[in-house]
Protein chains: 2
Amino acid sequence: MAIEPELVKSANEALAMAEGRLEPAAVFEPATVDVAAIRKAQNLSQGRFAERYGLPLSTIRDWEQGRRRPDRAAHLLLRLIEAEPDVVARILSSSE
Amino acid sequence: MAIEPELVKSANEALAMAEGRLEPAAVFEPATVDVAAIRKAQNLSQGRFAERYGLPLSTIRDWEQGRRRPDRAAHLLLRLIEAEPDVVARILSSSE
DNA sequence: CAGAGTGTACGGCAATGCCGTATAGGCGGC
DNA sequence: GCCGCCTATACGGCATTGCCGTACACTCTG
């Protein structure tokens, strides 16, 4: 897994913070979005998910495989898709 | 305005296509989103807009100044913000 | 007039977006 | 058994963006 080293690093930092050996970072960015989970909650394959929301399949793959992390706009969008899939889908189809 | 040359170019291409002098491009990407318009429709400054939707101010600037074009996820998000600002804002504040 | 708020403009690097291809497992049909 | 189809993992690779920082101009207000 490509992101593993980073996760380990983060975990160690969190530990250090908890033990008071390290100041909390100025930027708290969980940035962890489980795209696969959001997608599966809607019973969609990667392909159908991408198609449904007008996103490139390759980009979905990158996110799910942890090769790339969705930027802030994408992150926000994913949260919207998770919370209000119907609304998002509707807006999309309305002028595309 | 920085994007003007591109708009002019697109307009000429469209004209050429209409006159049959040019084949329609394989990729039809309007991709033009007037971020400033969407923002102003909500009477927000760039700063407040960015803050409201959890986006970096610098990124908003880039988009409005035409220096960068929002990618597909951002594009989609902007359309959502335009159509359903309240919904978007609510989802955001709900777990941030 | 100093200072705060807003917006334009742009340098710059790391990182992502997005395309393509190779590989592999599950499944129904012939 | 074999083939084709769907689905998903993995990754090479380049153009483009994301996002940070800084400089400059304008307007309003104390």
Side-chain angles (χ1 to χ4, degrees), chain A residues 1-7 9-10 13 25-81 88 92 96, chain B residues 1-10 25-81 88 92 96:
Chain A
M1 206 181 297
I3 61 175
E4 195 179 9
E6 189 167 6
L7 288 178
K9 177 164 167 287
S10 292
E13 290 179 352
V27 180
F28 262 159
E29 197 165 358
T32 29
V33 197
D34 193 336
V35 182
I38 296 175
R39 170 176 62 80
K40 288 174 184 168
Q42 296 179 46
N43 277 78
L44 295 172
S45 66
Q46 294 178 337
R48 308 209 66 235
F49 184 85
E51 178 183 287
R52 181 168 180 70
Y53 298 110
L55 297 171
L57 175 57
S58 55
T59 300
I60 302 294
R61 289 200 211 283
D62 281 344
W63 290 342
E64 289 201 11
Q65 295 177 209
R67 213 163 75 113
R68 298 283 192 290
R69 298 164 52 155
D71 55 47
R72 307 192 62 151
H75 197 276
L76 212 175
L77 175 62
L78 288 169
R79 287 174 57 189
L80 281 165
I81 290 177
V88 178
L92 275 201
E96 192 171 12
Chain B
M1 210 179 290
I3 61 175
E4 197 179 6
E6 189 166 7
L7 288 178
V8 172
K9 177 165 168 286
S10 292
V27 179
F28 262 159
E29 198 165 358
T32 30
V33 197
D34 193 336
V35 182
I38 295 175
R39 171 175 62 80
K40 288 174 184 168
Q42 296 179 44
N43 277 80
L44 294 172
S45 66
Q46 294 178 337
R48 307 208 66 231
F49 184 84
E51 178 183 287
R52 182 169 181 68
Y53 298 110
L55 297 171
L57 175 56
S58 55
T59 300
I60 301 294
R61 290 201 211 281
D62 281 343
W63 291 341
E64 289 201 12
Q65 294 175 210
R67 212 163 75 113
R68 298 281 191 285
R69 299 163 54 154
D71 56 47
R72 307 188 64 152
H75 197 277
L76 212 175
L77 175 62
L78 288 169
R79 287 174 56 188
L80 281 165
I81 290 177
V88 178
L92 275 201
E96 194 173 11

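Every chain is numbered from 1, with letters handed out A, B, ... down the list of sequences.
- The minimum heavy-atom distance between Ala50(B) and Pro56(B), with the atom names listed, is CB-C, 4.2 Å.
- Arg79(B) places a side-chain N or O within 3.5 Å of a backbone atom of Leu92(A) that can act as its donor or acceptor partner.
- For the pair Thr59(B) and Arg72(A), the minimum side-chain heavy-atom distance is 4.5 Å or more.
- The phosphate of dT8(C) (OP1 or OP2) has a side-chain N or O of Gln46(B) nearer than 4.0 angstrom.
- Within the 4.5 Å cutoff, the side chain of Arg61(B) has no heavy atoms near those of the Arg67(B) side chain.
- dT6(C) atom P lies 14 Å from atom NZ of Lys40(B), rounded to whole Å.
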Distances for protein N/O vs nucleotides 24-30 of chain D N/O pairs under 3.5 angstrom?
none

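- Shown here for Asp71(A) and Asp71(B), the closest heavy-atom pair between the two residues is OD2-OD2, 3.3 Å.
- Shortest non-hydrogen contact noted between Val33(B) and Pro70(B) is CG2-CG, 4.4 Å.
- Side-chain contact between Tyr53(A) and Leu77(A): absent, with no pair of heavy atoms (C-beta onward) separated by less than 4.5 Å.
- Judged purely by atom type and a 3.5 angstrom limit, Arg69(B) has no side-chain atom pairing as donor or acceptor with the backbone of Thr32(B).
- Between Arg52(B) atom CZ and dT6(C) atom P the separation is 15 Å, expressed in whole Å.
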Table of protein N/O atoms under 3.5 Å from nucleotides 18-22 of chain D N/O atoms:
residue, atom, partner, partner atom, Å
dG18(D), OP1, Asp71(B), OD2, 3.2
dG18(D), OP2, Trp63(B), NE1, 2.9
dG18(D), N7, Arg68(B), NE, 3.3
dG18(D), O6, Arg68(B), NH2, 2.9
dC19(D), OP1, Arg72(A), N, 3.3
dC19(D), OP2, Thr59(B), OG1, 3.2
dC19(D), N4, Asp62(B), OD2, 2.8

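- For the pair Leu44(A) CG and dA8(D) P, the interatomic distance rounds to 10 Å; values are reported in whole Å.
- Taking atom CG of residue Asn43(A) and atom C1' of nucleotide dT7(D), one finds them 14 Å apart after rounding to whole Å.
- Residues Trp63(B) and Leu55(B) are in side-chain contact: their nearest non-hydrogen atoms beyond the backbone lie under 4.5 Å apart.
- For Arg48(A) and dC5(D), the CZ to C1' distance is 15 Å, given to the nearest whole Å.
- No side-chain heavy atom of Asp34(A) sits less than 4.5 Å from a side-chain heavy atom of Ile38(A).
- In the helix from dC1(C)-dG30(D) to dC30(C)-dG1(D), the end axes, each obtained as the rotation axis mapping the C1' atoms of four pairs onto the next four within a five-pair block, lie 40° apart to the nearest 10 degrees.
- The side chain of Ser45(B) places no N or O atom within less than 4.0 Å of a non-bridging phosphate oxygen (OP1 or OP2) of dG5(C).
- When each of Arg48(A), Lys40(A), Gln46(A) is paired with Leu44(A), the side-chain contact (heavy atoms from CB on, under 4.5 Å) condition holds for Arg48(A) and for no other.
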